[in-house]
J.: 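One structure, as structure tokens, below. Some questions next.
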Amino acid sequence: MTGFQQQTLIEIVLYVLNKTKGVDYYHLFKILYFADKAFLAKWGTRIIADDFYALDYGPVPTNLYNAVKNDHRMTDEGLVSIYNAAVKKAGEDAPNVLIAKRPENMDYISQPMMEELDKSISENLHLTFAQLKDKSHDSAWEKAYRSSGRRVMDDYSIALAAGADESTLRYIIDQEELCKALA
């Protein structure tokens, strides 16, 4: 992830945390996944640049997850530093609940991104752990979870699971091919 992508990720996390007045990281990860999924199906691009991995309890944005765990070995040191400067745990009795240390910088969040984040917060904030797990175990999660290797969820499968139309799916394929050609 570039520095800009890391900062954008943290500003989006802050947006969700400020909007919810703090939330456990499981709900945060699922809110981000469902917002990203809907945005990808609609616009052909992602809200966050973090890879979602198919873990046992559903999709997880891996770099953010490692920053939450303060795992310097598994993610970029810059992201961990930006995260720690912006987010804190609610306390010893609620170590899974995250709280924003500051307001989000809206220069990093577009109106369409905000709309999808708001929709995802509204739809997912009050779901139970089991409900979120069931909802997030979609066809994109299943494909990655059943694969051998790193279990990275690909954009095409996520968009397909969200019901993206053919032109959006074609655009995603074209963008992936372009990125491979330029690499």
Side-chain angles (χ1 to χ4, degrees), residues 1-53 58-70 75-90 96-127 132 135-136 138 140-141 152-159 161-165 168 171-172 175-176 178-179:
M1 294 174 72
T2 67
F4 178 79
Q5 291 168 329
Q6 290 174 354
Q7 193 66 49
T8 301
L9 173 60
I10 297 307
E11 299 307 326
I12 288 168
V13 166
L14 288 170
Y15 179 83
V16 173
L17 295 179
N18 285 317
K19 200 77 163 169
T20 62
K21 308 291 189 243
V23 68
D24 65 272
Y25 61 80
Y26 187 78
H27 275 82
L28 172 66
F29 296 161
K30 299 310 174 261
I31 287 167
L32 293 176
Y33 175 68
F34 293 122
D36 212 39
K37 180 179 170 179
F39 195 83
L40 182 60
K42 187 173 184 178
W43 299 101
T45 189
R46 306 258 316 272
I47 291 176
I48 62 173
D50 204 348
D51 288 328
F52 281 94
Y53 274 54
V60 171
T62 54
N63 289 304
L64 178 59
Y65 181 56
N66 291 325
V68 169
K69 293 189 309 182
N70 210 27
T75 196
D76 185 87
E77 181 67 35
L79 180 61
V80 174
S81 296
I82 296 168
Y83 171 83
N84 286 331
V87 178
K88 66 180 179 179
K89 293 181 176 159
N96 295 336
V97 176
L98 306 175
I99 299 173
K101 290 182 179 178
R102 64 172 175 81
E104 67 277 5
N105 182 341
M106 291 304 293
D107 290 342
Y108 290 87
I109 304 171
S110 69
Q111 184 67 34
M113 292 163 69
M114 188 173 58
E115 289 169 5
E116 288 303 333
L117 289 164
D118 288 347
K119 182 179 173 191
S120 186
I121 290 167
S122 174
E123 292 176 358
N124 299 296
L125 181 61
H126 301 293
L127 296 181
L132 283 173
K135 184 178 178 181
S136 67
D138 58 21
W141 175 87
V152 177
M153 298 171 67
D154 66 272
D155 288 354
Y156 181 88
S157 297
I158 294 170
D165 61 30
T168 303
Y171 175 78
I172 291 168
Q175 291 303 304
E176 288 175 354
L178 179 62
C179 287

J.: Can you tell me how far CD of Glu176 sits from CG of Asp155, rounded to the nearest 0.5 angstrom?
T.: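 These two atoms lie 5.5 Å from each other.
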
J.: Can you list the steps and then say if Asp24 with His27 is a side chain to side chain contact (heavy atoms under 4.5 Å, CB included)?
T.: CA-CA 6 Å; Asp24 65 272; His27 275 82; 2.8 Å; yes

J.: To the nearest 0.5 Å, what is the distance between OH (Tyr83) and CG (Leu14)?
T.: 9.5 Å

J.: Nearest 0.5 angstrom please: Leu98 CG to Leu17 CG, how far?
T.: 6.0 Å

J.: So, do Pro61 and Ile48 sit near enough that their side-chain heavy atoms are less than 4.5 Å apart?
T.: yes

J.: Evaluate the criterion side chain to side chain contact (heavy atoms under 4.5 Å, CB included) for residue pair Thr168 and Lys42; output intermediate values, then yes/no.
T.: CA-CA 7 Å; Thr168 303; Lys42 187 173 184 178; over 6 Å; no

J.: Does OH belonging to Tyr65 count more than 12 external heavy atoms closer than 6.0 Å?
T.: no

J.: Between Ala35 and Glu116, what is the shortest heavy-atom contact and its length?
T.: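 Distance-wise, the nearest heavy atoms are CB-O, 3.7 Å.
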
J.: Closest heavy-atom contact between Tyr25 and Val68?
T.: CD2-CG1, 3.8 Å

J.: Take Lys37 and Asp138 through the test side chain to side chain contact (heavy atoms under 4.5 Å, CB included) and record every step on the way to the result.
T.: CA-CA 11 Å; Lys37 180 179 170 179; Asp138 58 21; 2.7 Å; yes

J.: Could you check whether Asn84 and Asn70, counting side-chain N and O atoms only, form a donor-acceptor pair closer than 3.5 Å?
T.: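 A donor-acceptor contact under 3.5 Å links the two side chains.
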
J.: Flag the pair Tyr33 / Ile158 as yes when at least one side-chain heavy-atom distance between them is below 4.5 Å, and no otherwise.
T.: yes

J.: With a 4.5 Å heavy-atom cut-off, do Glu11 and Met106 have their side chains touching?
T.: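 No; the side chains remain at least 4.5 Å from each other.
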
J.: Around atom NZ of Lys135, are there more than 12 heavy atoms from other residues, nucleotides or ligands closer than 6.0 Å?
T.: yes

J.: Under 4.5 Å between any side-chain heavy atoms of Val152 and Phe52, yes or no?
T.: no

J.: Which atom names give the shortest non-hydrogen contact between Gly58 and Ser136, and what distance separates them?
T.: CA-OG, 3.6 Å

J.: Centres of the Phe4 and Tyr108 rings: under 6.0 Å?
T.: yes

J.: If we ignore hydrogens and angles and just use 3.5 Å, is the side chain of Asn124 paired with the main-chain N or O of Ser120 as donor and acceptor?
T.: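 Present.
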
J.: Tell me whether Lys30 forms a cation-pi arrangement with Tyr26, defined as NZ or CZ under 6.0 Å from the six-membered ring centre and within 45 degrees of its axis.
T.: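 Yes; both conditions hold, so Lys30 lies above the ring face of Tyr26.
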
J.: Is there a side-chain contact between Asp36 and Asp50, using heavy atoms and a 4.5 Å cut-off?
T.: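 No, too far: nothing below the 4.5 Å cut-off.
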
J.: Taking side chain to side chain contact (heavy atoms under 4.5 Å, CB included) as the test, write out the residues that go with Lys19, two or more places apart.
T.: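 Per chain and number, Lys19 pairs via side chain to side chain contact (heavy atoms under 4.5 Å, CB included) with Tyr15, Asp118, Ile121.
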
J.: Mark yes when over 12 heavy atoms from residues, nucleotides or ligands other than Lys101 sit less than 6.0 Å from its NZ; otherwise mark no.
T.: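 For Lys101, atom NZ is crowded (more than 12 foreign heavy atoms under 6.0 Å).
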
J.: Taking Asn18 for the side chain and Arg102 for the main chain, is one N or O donor matched with an acceptor at less than 3.5 Å?
T.: yes

J.: Output the distance between atom CD1 (Ile99) and atom NZ (Lys88), rounded to the nearest 0.5 Å.
T.: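 Interatomic distance, Ile99 CD1 to Lys88 NZ, rounded to 0.5 Å: 5.5 Å.
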
J.: Side-chain contact, heavy-atom cut-off 4.5 Å: Glu123 with Phe34?
T.: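 Sidechains of Phe34 and Glu123: no contact.
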
J.: Going from CD on Glu104 to CD1 on Ile109, what distance comes out if it is rounded to the nearest 0.5 angstrom?
T.: 5.5 Å

J.: If you look at every heavy atom in Ala67 and Leu79, which pair is closest and at what distance?
T.: CB-CG, 4.2 Å

J.: Got Val23 and Val97 here, is their nearest side-chain heavy-atom distance under 4.5 Å?
T.: no

J.: With rounding to the nearest 0.5 Å, note down the distance linking CG in Leu32 to CG in Leu117.
T.: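 Here the rounded value is 7.0 Å.
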
J.: Between Thr62 (side chain only) and Asp51 (backbone N and O only), is there a donor and an acceptor less than 3.5 Å apart?
T.: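 Looks like yes, one N/O pair under 3.5 Å.
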
J.: Hey, does the side chain of Glu115 reach the backbone of Pro112 with a donor-acceptor pair shorter than 3.5 angstrom?
T.: no

J.: I want to check something: taking the side chain as every heavy atom from C-beta on, are Asn66 and Lys69 in contact at a cut-off of under 4.5 Å?
T.: yes

J.: Taking all non-hydrogen atoms of both residues into account, name the closest pair between Ala162 and Ala41 and its distance.
T.: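 Nearest pair, atom of Ala162 first, then Ala41: CB-CB, 3.5 Å.
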
